[in-house]
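Everything on this sheet refers to the single structure shown next.
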Amino acid sequence: MTQNNRLEGGLIDRSKTLRFTFDGKTYQGHQGDTIASALLANDVRLMGRSFKYHRPRGPLTAGSEEPNALVELREGNRQEPNTRATTAELFDGLSAKSQNRWPSLSFDAMGVNDLLSPFFAAGFYYKTFMWPKAFWEKLYEPIIRRAAGLGSLSMEADPDVYDKGFLHCDLLIIGAGPAGLSAALTAGRAGARVILAEEDFLLGGRLNAETFEIAGMAGHAWAAQTQAELASMDNVRIMTRTAILGAFDHGIYGALERVSDHLAVPAAGKPRQTLWRIYAKRTMLCAGAVERPIAFKNNDRPGIMLSGALRTYANRYAAAAGQTVALFTNNDDGLRSAADLAAKGVDVVAVIDTRADGPSVQAGAHFKGAQVVDAGGKLGLNTITIKLANGQTTRINCTALGVSGGWNPNVHLTSHQRSTPKWDEKIAAFVPESTPAEMSVAGAANGDMSTHAALANGAKQAVTALKDIGIKATAGRTPKAEDEPINVSPFWYVEHKGRAWVDQQNDVTVKDIKLSHQEGFRSVEHLKRYTTLGMATDQGKTANVPGLAIMAEMTGKSIPDTGTTMFRPPYAPTSFGAFAGRHRDEDFRPIRKTPSHKWAEEHDAVFVETGMWLRAQWFPKPGETHWRESVDREVLATRKSVGICDVTTLGKIDVQGTDAATFLNRVYCNAFAKLAVGKTRYGLMLREDGIAMDDGTTARLSENQFVMTTTTANAVPVFRHLEFCRQCAWPDLDVQLISTTEAWAQYAVAGPNSRKLLQKIVDKDFDISNEEFPFMGCGEITVCGGLRARLFRISFSGELAFEIAVPTRYGDSMMRALMEAGEEFDVVPYGTEALGVMRIEKGHAAGNELNGTTTALNLGMGRMVSKKKDSIGSTLSEREGLNQADALNLVGFKPVNSDETFSAGSHFINSDAQANAANDQGYMTSVCYSPNLGHTIGLGYLKDGANRMGETTRAVNPLMGEETEVEIVSAHFIDPEGERLRA
Amino acid sequence: MLKHSLKPLTPLGSDEPDSTVIGNLKITERDDFSFASIAQRDGKSRPFAAAAKRAFNLKLPGPGQSASNGDYTLFWSSPEQWFVEAPMATHEDIASILKAEFEESASITEQSGGWCRFDLEGDASVSTLERLCAVDTAMMTDQAATRSVIEHIGVFIVCRSAGQYFSIYGPRSSAGSLHHALVSAAKSVA
Amino acid sequence: MIINHPLLGPRDSQEFTYLGDMSLINRPDWEADDAVDQFHEYLYLRDNPAGEHKELWFHEQGDRSWLVVTRNTLTHDITKVEIAKDIARQMGRSK
């Protein structure tokens, strides 16, 4: 295939020919092309189908504001839908497909929608699919889902990686057109830390698309020369292919760098894209302006595009959208294309100016005070109909039409924090009204439409911005450059009965806007939602202002009074992959491993995630096929002899200071002031509202040093709470806090033989007999011939038990030593499931019971709340509502028929009552099979439960269709007198 | 070294610390340091300062700073609280050593096993860290030290040599995830 | 948002956790006759100003300081950042 529409010149590298395919057909382009420019050079104008009506479409623009030319880029697991052909860079071997069509782009069966368009007018979703209700899920939604949507997903995992990162600068310059380059030069020369972010792969902005000269050289050459100077400065970071997505509070900006999108496959190990968070002391928005179209009948024919885009394709990409071209404009800038295209050898057959008094240009025909009223050529433009100033119409053949309705400054980022732009009559466009404090605007984005003004104001604004942050800069002399006004006379749409397209991506017509007004939608925000104007992937960058103007005309209000819709991030479409970054699959979040992790892996542990921790859940032995077999064995063996469990994950907080005891006495609801050195005590911590927050044991290692344990889940919130108490509630207590969770590897050694096992580990100087080291004792000891360690005689299982802690680096070795020492006692390691079974058997509360709704009274610990002292939560725990006679009490449950079972989450309903919320008596919190008792047991909160021992009730679980008759029993299923743990 | 029969394991779970080279960046696992936190008790500023002078013979670093002298490196962690680092070979029981010096003027807590440390050396240090945390590491001067977050993991970052050499301290349990994050980011740039 | 930490300079608000109105510093006297009412008011009744608000932030991924941040809830402008411990002392919180 030859490049029939390839012109002379341009900023493409003709020495590099690239082969690519579009819809399976092979074409050639050059380095520096986009898919759109290469296709146009190959005389392909039809690139996609519209969203709703499946109308044939070609590119409207040559930039990121493109509504039409969206393609599926690449194949297989790298396939990416909705890629803008106007910005996607060509690479060798690129493959792209058109989307939203079947079976082919030129014949699309869904094109029937276009004929049915009367049914698809504004608000059709709301009107058409209202009833019957049952049809929605089964009929309407599947049809809509299939018909709608742009492009398709590969349904395969994305093989590429996406990075995130953080950058800091004095001055962030957004956009590298004349204003941005001028600002960057000024700031760079002053030594400021500058980031220059440009969405395009070339710096220069419109300088690459125009024939203007700067300082006597071509604009693009000046841009290249400036880039070279900036690149030589260490303090300037040039970021091409980088779109600023959002302006957030206090100078924080989001940016997407398309690191490898222009390559077939990213280089090994390199990211596809990087999402940057930029911290900028000052920002300059130099984002330029976007041209807007004029709506007329059939203005969406492939070949009709913005006038500036025609110039971009011709000047920058050396591609003609067609060999016979017409122009339709309401402003002087639209006329510039005539000379530029003629200079490239393109035949400019007609210029249609809505203004009767516009300047004259060289062209085949020049119609002033005229309008284009229709366009013909279903799959590509071949004729336009012109209404002349005298009211007559004439037809002209052409294959491309450049349209210009004026230029809209890119004000989006000035408005991400709610400020709205103001209307500037002179350029008939919105310009920034106010900006975030750290931002200034220069160039076309600020309504400075000439190159000279952009250069001058870019430098001037940079000086001002840097002065604010104490950096002295001077603006150099502004180079000689184009400085023409762009005289524009607002003109939005051609009155006609046919369909004139305003938002081409979402297929919103002038009629739709009028209809929505007729149906009572007066606010622009309502107009937007009802018609879907501006809601597509292009966010209406070319459509919004014309839409508003038509709306304003309907309501008889001015455009500024009509106002704009809210601009929101992201400025440009952004892939989910970029937002997810590295946080996917196994890297979704960090993993915390316990000190015995390696040992547990060697012993086939099954792991469970508890928060970020990976904990051994159980240790299957050969032949065990069901988890219960392993767990039952671990429980029975521990209660019979001895078991070991890694409990390092429990939070440990070192509490020191001369007021440490006083402090603990205030944060626990029970008494702590008089805890003796060498003793451990259970503590219940309340929230200020009287609800239980956390519990654990706290040991007094010396007069002024305690070590507190928290539950695994609450380690962080408890630490935060304690710091609040220490810094804000009682700032003069002498207390110092620090987490030591990870500093100590801690193992529970539980069971009747636990002491005998530990006596082999603990050095002989330390007597751990029941007399010298009784229940709830603690001490600093040495083990294994001199390693410092801590020993606590505490029990979660209800057995004689200890917890032993050694510095974490020895945790692995300690585990092995304990297992070796326990061999003669048939020691077993046990996981979190056995731990859970044993604590339920013992009736100990855990997270299921401390669930953020329960009080000390509910937990059966009401009397622990000391009334003799101030502690967090003690006062409000006395509230009437928390102390009703029928308050929930934590009690035990067993099935009346021991073969039956029940589930946690079941609610209690009295035997004779209907199972509904009104008859709710409470709920089951924890359930397990007790291998010691041989049946299911449970803990739960029951109204007045403490006084209902021996009664029966029903555990009802409508979700699982369960109902079980249960007996109310003590929560202490095992050793209710606590003899074992004191043995 | 203490005499006992237990063998230490590195935070990454091996007998020997890991060293990984990616391009011109070297990431080294360090387990040859002992670690403690030390906090001044209220009203004890004078004996605390005197003990600090005896123990370290340096001016205690202020917010965002570290300081080194002889065996000791200290960095500021919170108001009136510092982390102290010393060679494991000579200071394994660092908390006892410091307690003997500071007595009741300070709250001292052993932290040795609780932290892993990875050293980043090379030109790509800053561009690697840029992809991991919000700290402006390019502007960190020698001995600057700060706490921050890397991939949801709370860390301390100490600048040993501006632009070239950083130590990252993270919770030992997440050593694997932290190391993976550092290596992945380094591959993007180095 | 950026919180200008009095000791550490500007830090991203992502490093912080938010608690609420700084009046939470002013924990009532448990021995007062109407202690339950006072605590109820302290815990549940807050102003919700559209404008300047003094609020408590915790530098969790930083130096663990509680800070009092004066922030405009309409504009997010932060005009003052103070160490909460100092404020608590000024407010007469003592042993």
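A note on names: the letters A, B, ... follow the listed sequences, proteins ahead of strands, and every chain is numbered from 1.
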side-chain contact (heavy atoms from CB on, under 4.5 Å) between B:S174 and A:M612, worked out = CA-CA 9 Å; B:S174 302; A:M612 291 194 286; 5.7 Å; no

For A:Q736 and B:Q81, what are the C-alpha separation, side-chain angles and deciding distance, and is it a side-chain contact (heavy atoms from CB on, under 4.5 Å)?
-> CA-CA 9 Å; A:Q736 293 80 39; B:Q81 187 194 68; 5.8 Å; no

Under the side-chain contact (heavy atoms from CB on, under 4.5 Å) criterion, do B:E92 and A:R788 qualify, and how do the steps go?
-> CA-CA 11 Å; B:E92 167 149 9; A:R788 63 203 179 282; 3.6 Å; yes

Trace of the salt bridge (Lys or Arg N to Asp or Glu O under 4.0 Å) decision for B:E130 with A:R277 = CA-CA 10 Å; B:E130 212 165 67; A:R277 173 181 274 248; over 6 Å; no

B:M139/A:R193 under side-chain contact (heavy atoms from CB on, under 4.5 Å): CA gap, chis, key distance, verdict = CA-CA 11 Å; B:M139 289 289 124; A:R193 232 174 144 193; 3.2 Å; yes

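Options B:P79, B:A39, B:A185, B:A134 differ in how many heavy-atom pairs under 4.5 Å they form with chain A, and the most are formed by B:A134. When each of B:K187, B:H180, B:R172 is checked for heavy-atom pairs under 4.5 Å with chain A, B:R172 comes out on top. Ranked by heavy-atom pairs under 4.5 Å with chain B, the list A:I738, A:D812, A:V161, A:T782 is led by A:I738. Top candidate by heavy-atom pairs under 4.5 Å with chain A, chosen from B:S184, B:S77, B:G13, is B:S184. Taking chain B as the reference chain and counting heavy-atom pairs below 4.5 Å, the highest number among A:T649, A:N704, A:L167 is found for A:N704. Counting heavy-atom pairs closer than 4.5 Å to chain A, the top-ranked of the candidates B:I22, B:V135, B:L129 is B:V135. Of all the listed residues (A:A745, A:G811, A:G657), the one sharing the greatest number of non-hydrogen pairs under 4.5 Å with chain B is A:G657. The greatest number of non-hydrogen atom pairs below 4.5 Å with chain B, out of A:V735, A:D587, A:V806, A:T648, is found for A:D587. Of the listed residues (B:A181, B:C133, B:G43, B:G176), the greatest number of heavy-atom pairs within a distance under 4.5 Å of chain A belongs to B:C133.
Heavy-atom contacts from other residues, nucleotides or ligands closer than 6.0 Å to CD of A:E602 number more than 12. The number of heavy-atom neighbours closer than 6.0 Å to CG of A:D765, taken from other residues, nucleotides and ligands shown, is above 12. Counting non-hydrogen atoms of other residues, nucleotides and ligands closer than 6.0 Å to CD of A:E601 gives a total above 12. Crowding of B:R54 atom CZ: a count of heavy atoms from other residues, nucleotides or ligands under 6.0 Å exceeding 12.
Separating the CG atom in B:D136 from the OH atom in A:Y279 is a distance of 10.0 Å, to the nearest 0.5 Å. For the atom pair B:S34 OG and A:R809 CZ, the distance stands at 9.0 Å (nearest 0.5 Å). In this structure, the separation between SG on B:C116 and CD on A:E742 is 8.5 Å, given to the nearest 0.5 Å. Separating the OG atom in B:S112 from the CH2 atom in A:W744 is a distance of 9.0 Å, to the nearest 0.5 Å.
For B:L9, the parts sitting under 4.5 Å from any heavy atom of chain A are the backbone and the side chain alike. Contact of B:Q40 with chain A is made through the backbone alone, with heavy-atom distances under 4.5 Å. Neither the backbone nor the side chain of A:E703 comes within contact range of chain B; no heavy atom of the residue lies under 4.5 Å from a heavy atom of that chain. A:K593 touches chain B through backbone and side chain together, each having a heavy atom under 4.5 Å away. Looking at B:A95, there are no atoms closer than 4.5 Å to chain A (heavy atoms on both sides), in backbone or side chain. Contact annotation for B:S78: neither backbone nor side-chain heavy atoms come within less than 4.5 Å of a heavy atom of chain A. Neither the backbone nor the side chain of A:D763 comes within contact range of chain B; no heavy atom of the residue lies under 4.5 Å from a heavy atom of that chain. Residue contact with chain A, scored on non-hydrogen atoms closer than 4.5 Å, involves the backbone of B:I108 exclusively. Proximity to chain B (any heavy atom under 4.5 Å) is shown, for A:I252, by neither the backbone nor the side chain.
Contact record, B:L6 with A:M814: CD1-SD, 3.8 Å, taken as the closest heavy-atom pair. Closest of all the heavy-atom pairs between A:S813 and B:S5 is OG-O, 4.4 Å. Nearest heavy-atom pair, B:V189 versus A:K270, reported as atom, atom and distance to 0.1 Å: N-NZ, 4.3 Å. Nearest approach of A:T740 to B:Q111, heavy atoms of both residues: CG2-NE2, 4.2 Å.
No donor-acceptor distance shorter than 3.5 angstrom exists from the side chain of B:S177 to the backbone of A:P590, with no hydrogens or angles considered. Using a distance-only test at 3.5 Å, with no hydrogens or angles considered, no donor-acceptor pair links the side chain of A:D654 to the main chain of B:T109.
Using cut-offs of 30° and 60° for the angle between ring planes, the A:H583 and B:H152 rings count as tilted.
Using a 4.0 Å cut-off between charged side-chain N and carboxylate O, B:E151 and A:R589 make no salt bridge. By the 4.0 Å N-to-carboxylate-O rule, B:E110 lies too far from A:R790 to be salt-bridged with it.
Using a 4.5 Å cut-off on side-chain heavy atoms (C-beta onward), A:H597 and B:S173 make no contact.
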